Amino acid sequence: MPPTTRPIPAEELHAAVDAVRPWLAGDAEQPARSVLGAAVKTSARWLAQQVPGRSVELRVPPHVAVQLVPGPRHTRGTPPNVVETDAATWLRLATGELTWAEAVAGGRVDASGNRADLSDHLPLPPLRRGPS
């Protein structure tokens with residue numbers, strides 16, 4: 001199975017994101033691009049495997065773009081439903097350190113289209129802190 005389509009275990013997701021948590025908390029310098037990229041790619045791809053589909057494109061440049069969410073399939077040009085943000089914001093959303101509403105209100109997420117609200121899928125369940 002190609003690496004982009006093989007299932008990502010929760011342990012792999014934890015390992016990738018745990019490597020950047022000190023930086024997200026402000027306790028460390030920004031990690032190497034490869035470490036940051038691994039956290040972003042792994043978390044975005046994990047979400048795409050949990051919410052499969054092709055109606056929304058999640059972009060975290062320059063690291064990853066994935067399609068997810070069931071619905072009408074996008075095939076050419078700019079998709080009608082796009083979510084775009086930076087790596088730090090994405091990882092804070094994925095871990096629950098930032099809510100969807102806060103990120104959108106603060107202009108940290110650009111979400112266009114009627115399916116581009118990912119609030120029902122964030123934070124990623126394996127990355128939530130505290131009681132589940």
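Please read these numbers as outputs of a predicted model, since none were measured by experiment.
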To the nearest 0.5 Å, what is the distance between [atom1] ([X]) and [atom2] ([Y])?
X	Y	atom1	atom2	result
Arg92	Arg108	CZ	CZ	6.0 Å
Glu97	Leu127	CD	CG	10.0 Å
Arg21	Asp27	CZ	CG	12.5 Å
Arg59	Trp90	CZ	CH2	14.5 Å
Leu124	His14	CG	NE2	10.0 Å

- Steps toward side chain to side chain contact (heavy atoms under 4.5 Å, CB included) verdict (Val20, Leu91): CA-CA 9 Å; Val20 300; Leu91 291 168; 3.8 Å; yes
For the hydrophobic clusters of this structure (ILVMFWY residues joined by side-chain heavy atoms under 4.5 Å, transitively), does one cluster hold both [X] and [Y]?
X	Y	result
Val56	Val82	no
Trp100	Val66	yes
Trp23	Val64	yes
Val104	Leu122	yes

- side chain to side chain contact (heavy atoms under 4.5 Å, CB included) between Glu12 and Arg6, intermediate numbers included: CA-CA 12 Å; Glu12 185 177 329; Arg6 72 169 174 77; 2.8 Å; yes
Closer than 3.5 angstrom, by distance alone: can the side chain of [X] be matched with the main-chain N or O of [Y] as a donor-acceptor pair?
X	Y	answer
Ser55	Pro70	yes
His63	Leu36	no
Thr89	Thr85	no

Where [X] and [Y] come nearest, the two heavy atoms and their spacing:
X	Y	result
Gln49	Pro7	OE1-CA, 3.3 Å
Ser43	Leu13	CA-CD1, 3.5 Å
Leu47	His121	CD1-CB, 3.7 Å
Leu58	Ala44	CD2-CB, 4.0 Å
Pro61	Glu84	CG-OE2, 3.3 Å
Asn81	Arg115	OD1-N, 3.0 Å

- Begin from the C-alpha positions of Leu93 and Val109 and carry the test side chain to side chain contact (heavy atoms under 4.5 Å, CB included) through to its verdict. CA-CA 10 Å; Leu93 286 166; Val109 167; 3.7 Å; yes
- Item | Val17 vs Thr95, side chain to side chain contact (heavy atoms under 4.5 Å, CB included): CA-CA, chis, key distance, verdict | CA-CA 8 Å; Val17 174; Thr95 60; 3.6 Å; yes
